[in-house]
Number of protein chains: 2
Amino acid sequence: MTDAPQKHDDHARSDGAGATTAAHPLDGHLGFILRRAQLGVFQELTGIFGAYDLRPAQFAVLKVIEARPGISQSEAAESISVKTTNFATLIAQMEARDLVRRETSPTDRRGRMLFLTPGGQTICRDVTALWADYERRLTERLGGDDARAALVAMLKALDADTPS
Amino acid sequence: MTDAPQKHDDHARSDGAGATTAAHPLDGHLGFILRRAQLGVFQELTGIFGAYDLRPAQFAVLKVIEARPGISQSEAAESISVKTTNFATLIAQMEARDLVRRETSPTDRRGRMLFLTPGGQTICRDVTALWADYERRLTERLGGDDARAALVAMLKALDADTPS
DNA sequence: TATTGTTATACTCTATAACTATA
DNA sequence: TATAGTTATAGAGTATAACAATA
């Protein structure tokens with residue numbers, strides 16, 4: 001009970017010695033609250049996907065290819081916010097595991113078109129079910145669909161992207 | 001404009017070719033939305049703290065020591081959700097930069113008590129001002145204090161920690 | 001025997017630079 | 001010259017194991 005395995009335990013309370021340790025020095029710090037929530041969710045996701053040895057980013061790749069078979073590597077990389085240089089490694093590993101297949105684009109022989117293999121489709125379908133289940137539980141924790149929609153809207157506002 | 005430097009551009013819209021690319025395959029995926037918001041905020045924070053060559057975790061250490069001078073390494077590590085083994089490296093770097101000072105605890109000679117040096121106090125004060133400013137801007141983006149409070153409550157709910 | 005802190009190590013994620021093959 | 005993809009590499013972040021000093 002000493003190490004905090006990427007999880008917090010108790011903080012912000014009276015410390016029992018009389019000093020009433022004020023909240024937590026980072027309790028007003030949105031960046032850290034956000035980080036902990038994100039790490040917590042990813043940790044749970046990794047646990048849920050663990051039986052398939054899939055990390056969140058790999059699942060994201062499956063979903064992107066499923067949605068747009070034949071998508072190029074650069075487009076796929078951009079859509080999951082991964083640099084093309086790192087995507088090359090990521091997709092190579094997934095190809096080695098026979099989850100995805102690459103074809104040279106006939107119209108531009110530099111490009112590689114991405115497809116799911118039958119095995120990739122199966123895993124994508126199975127893991128999607130687990131994922132949907134988990135999202136439903138998250139939505140419950142949040143207090144329902146409206147709360148979730150509000151959360152998503154605020155997260156997108158934080159992302160400082162949505163054009164003014 | 002090819003690489004997506006840890007930032008997304010446009011997604012989810014008609015793609016101009018008539019295919020109306022549906023939303024984004026990850027748009028319903030809370031984990032990814034959370035991750036992008038967190039990365040965006042940390043990126044902005046790193047930029048803001050950049051002049052002081054402080055990363056978010058280092059700033060967190062300063063704040064924790066400021067709040068509780070003399071705190072032990074294990075307590076400080078736990079309060080920012082970093083393993084003690086990694087905290088050792090982190091704090092050693094900050095000591096080398098003369099931001100913090102370590103004293104052997106008189107009551108338990110295994111323990112090290114942490115303090116801010118005068119330089120550390122100065123940086124902590126200056127960066128706290130920048131940080132508070134940034135938090136205010138974030139709160140505005142969110143739509144005010146109430147929205148922010150709602151966000152924090154939901155993020156904590158996601159963290160699956162708050163005792164039932 | 002348990003705890004505090006340290007070192008060594010490893011794996012993932014992210015980033016830059018240099019390269020190839022096409023265009 | 002510019003683009004799609006690759007390789008090599010480097011830095012953070014996070015994890016485990018083994019250890020020293022102290023309790």
Side-chain angles (χ1 to χ4, degrees), chain A residues 1-8 32 35-36 38-40 42-43 45-47 49-50 53-61 70-78 80-96 100 102-114, chain B residues 1-8 32 35-36 38-40 42-43 45-47 49-50 53-61 70-78 80-96 100 102-114:
Chain A
M1 176 61 81
T2 279
D3 247 349
Q6 197 57 311
K7 224 34 192 160
H8 51 294
F32 286 89
R35 190 181 94 103
R36 290 221 297 218
Q38 191 258 307
L39 284 175
F42 261 52
Q43 202 169 269
L45 274 177
T46 302
F49 297 172
D53 193 25
L54 261 200
R55 274 158 296 147
Q58 295 174 319
F59 174 60
V61 172
I71 189 175
S72 72
Q73 288 197 187
S74 22
E75 287 175 303
E78 187 186 354
I80 63 169
S81 301
V82 166
K83 304 210 138 220
T84 57
T85 182
N86 295 319
F87 191 85
T89 311
L90 179 56
I91 201 72
Q93 289 166 346
M94 295 180 72
E95 189 181 42
V100 305
R102 285 191 278 189
E103 260 180 48
T104 300
S105 162
T107 62
D108 181 344
R109 294 203 337 257
R110 293 171 301 180
R112 321 289 232 99
M113 307 190 334
L114 304 179
Chain B
M1 177 60 84
T2 278
D3 248 348
Q6 198 56 309
K7 223 38 189 158
H8 51 294
F32 285 89
R35 188 182 95 105
R36 290 222 296 219
Q38 190 259 307
L39 284 175
F42 261 52
Q43 202 169 269
L45 274 177
T46 301
F49 296 172
D53 193 25
L54 262 200
R55 275 158 295 144
Q58 294 174 319
F59 175 60
V61 173
I71 189 176
S72 73
Q73 288 196 189
S74 22
E75 287 176 303
E78 187 186 353
I80 63 169
S81 301
V82 166
K83 305 212 135 215
T84 57
T85 182
N86 296 318
F87 192 85
T89 310
L90 179 56
I91 201 71
Q93 290 167 345
M94 295 179 73
E95 188 181 42
V100 305
R102 284 190 280 190
E103 260 181 48
T104 300
S105 162
T107 62
D108 181 343
R109 294 200 343 254
R110 292 170 302 181
R112 322 287 234 98
M113 306 189 336
L114 305 178

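Side chains are part of it too, since the values below use all heavy atoms of this structure and drop only hydrogens, waters and symmetry mates. Throughout, protein chains are lettered first and strands after them, A, B, ... in sequence-line order, and every chain is numbered starting at 1.
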Engineer: Could you walk me through whether A/Ser81 and B/Arg36 pass the side-chain contact (heavy atoms from CB on, under 4.5 Å) test, one step at a time?
Structural biologist: CA-CA 8 Å; A/Ser81 301; B/Arg36 290 222 296 219; 3.4 Å; yes
Engineer: Given atom CD1 of A/Ile80 and atom P of C/dC13, what is their separation to the nearest angstrom?
Structural biologist: 10 Å
Engineer: How many Å lie between NZ on B/Lys83 and P on C/dA10, as a whole number?
Structural biologist: 18 Å
Engineer: Starting at atom CG of A/Leu39, determine the distance to atom C1' of C/dC13, rounded to an integer number of angstrom.
Structural biologist: 12 Å
Engineer: Have A/Gln43 and A/Thr46 got a donor and an acceptor in their side chains that come within less than 3.5 Å?
Structural biologist: no
Engineer: Specify the residue among A/Arg110 and A/Asn86 whose closest nucleotide of DNA chain C lies further upstream toward the 5′ end.
Structural biologist: A/Asn86
Engineer: Measure the shortest side-chain to side-chain distance between B/Ile71 and B/Leu114 over non-hydrogen atoms and say whether it is less than 4.5 angstrom.
Structural biologist: yes
Engineer: Rounding to a whole Å, what distance do you find between B/Gln93:CD and C/dT7:C1'?
Structural biologist: 14 Å
Engineer: Closest-nucleotide mapping onto DNA chain C: is B/Phe87 or A/Ala57 further toward the 5' terminus? I mean the 5' end.
Structural biologist: B/Phe87
Engineer: Starting at CG of B/Leu90 and ending at P of C/dG5, how long is that distance when rounded to a whole Å?
Structural biologist: 14 Å
Engineer: Which of these nucleotides, D/dT6, C/dG5, C/dA15, is closest to any side-chain atom of B/Gln43?
Structural biologist: C/dA15
Engineer: Rounded to whole angstrom units, what separation is found between the CZ atom of A/Phe42 and the P atom of C/dC13?
Structural biologist: 9 Å
Engineer: Pair A/Ile80, A/Phe87 - check side-chain contact (heavy atoms from CB on, under 4.5 Å), show working.
Structural biologist: CA-CA 10 Å; A/Ile80 63 169; A/Phe87 191 85; 4.0 Å; yes
Engineer: Which comes earlier along DNA chain D counting from the 5' end, the contact point of B/Pro56 or that of A/Ile91, where each point is its nearest nucleotide?
Structural biologist: A/Ile91
Engineer: Among D/dA4, D/dT14, D/dA15, which nucleotide has an atom closest to any side-chain atom of A/Ser74?
Structural biologist: D/dA4
Engineer: Considering only heavy atoms and no angle criterion, is a donor-acceptor pair shorter than 3.5 Å present between the side chain of B/Thr85 and the base of C/dT7?
Structural biologist: yes
Engineer: Find the distance A/Gln38:CD to C/dC13:P and express it as a whole number of Å.
Structural biologist: 11 Å
Engineer: Rounding to an integer number of Å, can you tell me how far A/Arg36 CZ sits from D/dG13 P?
Structural biologist: 17 Å
Engineer: Is there side-chain contact between A/Leu45 and A/Phe59, with heavy atoms separated by less than 4.5 Å?
Structural biologist: no
Engineer: Could you walk me through whether B/Gln58 and B/Leu90 pass side-chain contact (heavy atoms from CB on, under 4.5 Å), step by step?
Structural biologist: CA-CA 8 Å; B/Gln58 294 174 319; B/Leu90 179 56; 3.8 Å; yes
Engineer: With respect to the phosphate group of D/dT6, does any side-chain polar atom (N or O) of A/Gln73 fall under 4.0 Å of OP1 or OP2?
Structural biologist: yes
Engineer: Strictly below 4.0 Å, N to O, side chains only: are A/Arg102 and A/Glu95 in salt-bridge contact?
Structural biologist: yes
Engineer: Output the residues of residues 102-109 of chain A in contact with DNA chain C, where contact means a heavy atom of the residue under 4.0 Å from an atom of the strand; sort by number or write none.
Structural biologist: A/Asp108, A/Arg109
Engineer: Look at A/Arg55 and C/dC11 and indicate whether a side-chain polar atom (N or O) is within less than 4.0 Å of OP1 or OP2.
Structural biologist: no
